[in-house]
There are 2 protein chains.
Amino acid sequence: MKNKLKVLRAEHDMTQQDLAQAVEVSRQTINAIEKGKFDPSLVLAMKLSRLFKEDIETLFIYED
Amino acid sequence: MKNKLKVLRAEHDMTQQDLAQAVEVSRQTINAIEKGKFDPSLVLAMKLSRLFKEDIETLFIYED
DNA sequence: TTTTCATGTAAAGTTTGCTTGACATTAATT
DNA sequence: AATTAATGTCAAGCAAACTTTACATGAAAA
């Protein structure tokens, strides 16, 4: 699964820490997701989607 | 988190078993999600979304 | 009525998402 | 050159997603 977190974070001028706080997870979780270590839960994906006002599918790209 | 799986399944005339096979999880997983026992992973939500051709957000309703 | 099918549920185990704490590295300030 | 801010990463642990096996129930069909 690929994602556009790093770019959106840059566009919104946020640090990983800022984003982590905004969606109520740890900084390490944001870092791990950006680095592709694991996928976010559905709830976290929804929080990020709402924050950045982007569809989940545009934020996270899953190709089988 | 609420969801519309049961209804969509009915509309598509599928059993829990059918749906489970279509998205490659166990029948119990589908049942548990329908019953609200836990939320699907992001990948599973995406598979269901694609199968039923509905946005994740319309399939799964999360209200803080 | 007996068999079959769809659903519900439970227990035990594995994997994955996420936590805290800690430390290393790199880039930007002072 | 020294400090600070942002990022990367690791380890140990907990919680949630998902598995298999198994059994119970109700509805439909033979």
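FYI, side chains are in, hydrogens and waters are out, and symmetry mates aren't considered; it's all heavy atoms of this structure. Letters A, B, ... are given to chains in the order of the sequence lines, protein chains preceding strands, and every chain is numbered from 1.
- Val7(A) and Leu48(A) fall into different hydrophobic clusters, defined by Ile, Leu, Val, Met, Phe, Trp and Tyr side-chain heavy atoms under 4.5 Å apart, directly or through other members.
- Listed by residue number, Arg27(A), Gln28(A) are the residues of residues 19-29 of chain A with a heavy-atom contact under 4.0 Å to DNA chain D.
- Between Asp39(B) atom CG and dA15(D) atom P there is a gap of 17 Å when expressed in whole angstrom units.
- For Phe38(B), the listed nucleotide lying nearest its side chain is dA17(D); candidates were dG8(D), dG8(C), dA17(D).
- A salt bridge links Arg9(B) with Glu34(B): at least one charged nitrogen is closer than 4.0 Å to a carboxylate oxygen.
- Note: NZ (Lys37(A)) to P (dC18(C)) measures 14 Å, nearest angstrom.
- With respect to the salt-bridge test (charged N to carboxylate O, under 4.0 angstrom), the residues Glu63(B) and Lys2(B) do not qualify.
- Residues Met46(B) and Phe60(A) have side chains in contact (heavy-atom distance under 4.5 Å, counting atoms from C-beta outward).
- Between the C1' atom of dG8(D) and the CD1 atom of Ile33(A) lies a distance of 15 Å, rounded to the nearest Å.
- Of all the heavy atoms in Ser49(B) and Glu57(A), the pair that sits closest is OG-OE2, 3.5 Å.
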What string of B, S and - do you get for nucleotides 25-30 of chain D, 5' to 3', when a contact is any protein heavy atom under 4.0 Å?
------
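- Under 3.5 Å, the side chains of Thr15(B) and Asp18(B) contain a donor-acceptor pair of N or O atoms.
- In this structure, Asn3(B) contributes its side chain and Ile33(B) its backbone to a donor-acceptor pair below 3.5 Å.
- The side chain of Ser41(B) places an N or O atom within less than 4.0 Å of a non-bridging phosphate oxygen (OP1 or OP2) of dC18(D).
- Under 4.0 angstrom from either OP1 or OP2 of dG8(D) there lies at least one side-chain N or O belonging to Gln16(A).
- Residues Ile61(B) and Ile56(B) are members of separate hydrophobic clusters, defined by side-chain heavy-atom contacts under 4.5 angstrom among Ile, Leu, Val, Met, Phe, Trp and Tyr.
- In this structure, Asp18(B) places its CG atom 13 Å from P of dC5(C), rounding to the nearest Å.
- Distance Leu44(B) CG to dT16(C) C1': 14 Å, rounded to the nearest Å.
- Listed pair Asn31(B) / dG8(C) meets the phosphate criterion, a side-chain N or O lying under 4.0 Å from OP1 or OP2.
- Atom C1' of nucleotide dT7(D) and atom CG of Leu5(A) are separated by 15 Å, given to the nearest angstrom.
- Atom pair Gln17(A):CD and dA5(D):P shows a separation of 12 Å (rounding to whole Å applied).
- Tyr62(A) approaches Lys47(B) most closely through the heavy-atom pair OH-CE, 3.6 Å.
- Taking atom CG of residue Leu48(B) and atom P of nucleotide dA17(D), one finds them 14 Å apart after rounding to whole Å.
- Side-chain proximity of Arg9(A) to the nucleotides dT7(D), dC18(C), dC18(D) is greatest for dT7(D).
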